[in-house]
Amino acid sequence: MAGTDDMEALYSPDAIQSGTTSPGVPRPGLAWDARLRGLVTALATRVPGTAGHCRRVAAQSRLVAGRLGLDPPAVARVECAARIHDVGKIIVSPKILDKPGPLTSAEYAEIQRHVVFGARLVASLEVPEITAIVRHHHERLAGSGYPDGLRGTEIPLGARIVAVVDSYDALASPRPYREVLTPPEALEVLQEEAGHTLDPEVVAAFAA
Ligand SMILES: [Fe+2]
């Protein structure tokens with residue numbers, strides 16, 4: 001489970017609003033921080049297998065966002081969203097999440113609900129960009145993703161970043177139903193998907 005030190009090391013809420021402020025973005029404070037920690041703890045407790053995944057995706061998303069030239073508050077928002085991108089999985093049955101084999105269409109639909117439910121939970125942070133990243137991190141460039149079938153730049157940049165890093169981490173992590181890919185093999189898959197399902201500029205920044 002994520003502890004206090006871990007959160008402080010990973011993520012600095014002050015950066016969310018420091019300097020360039022956006023209308024409607026609250027200044028992080030104790031109450032805001034408590035809400036964020038509540039979401040991280042809920043995910044780590046209910047879906048323990050995702051804790052390491054979310055930490056890795058947050059750290060890599062921060063690097064990629066920086067390489068793409070986002071300003072520091074925007075980088076912090078991407079990192080924060082990545083940290084809790086799968087929080088909606090707390091409503092999905094562990095039997096489905098951990099199923100060692102192909103999913104039925106009903107089970108797949110159940111898993112897909114995690115983005116909509118996650119966005120509802122994350123809305124309590126009152127940072128629209130973070131909510132949008134959580135909702136749209138499974139959208140795909142050609143419109144084949146979910147929940148809204150957004151295409152290209154209709155998909156928020158932060159969500160395109162998390163999509164790339166999330167995909168890599170999934171490919172390079174052990175799964176019960178397939179062999180784990182080596183880092184070069186996983187990167188090769190991303191590069192094959194660049195321009196089709198994944199943003200090519202984001203893939204290039206990830207690979208840099
Ligand atoms: Fe997800």
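Indexing begins at 1, ligand by ligand and atom by atom, following the structure's order.
Of the residues His114, His136, His137, the one that meets the ring pair (Phe, Tyr, Trp, His ring centres under 6.0 Å) test with His85 is His137.
Within the coordination shell of the Fe ion (ligand 1), defined by N, O or S atoms under 2.8 Å, His85 is absent.
Taken together through direct or relayed side-chain contacts under 4.5 Å among Ile, Leu, Val, Met, Phe, Trp and Tyr, Leu190 and Leu157 form part of one hydrophobic cluster. Tracing side-chain contacts under 4.5 Å through hydrophobic residues (I, L, V, M, F, W, Y), one never reaches Leu63 starting from Val78; they form parts of separate clusters.
When distances from the Fe ion (ligand 1) to the N, O or S atoms of Asp86 are compared, OD1 comes out shortest. Within His137, the N/O/S atom positioned nearest the Fe ion (ligand 1) carries the name NE2.
Between Tyr146 and His138, the ring planes lie parallel to each other; the angle is under 30°, not in the 30° to 60° tilted range.
Seen from the Fe ion (ligand 1), atom NE2 of His114 and atom NE2 of His138 lie 90° apart in angle, a value rounded to 10°.
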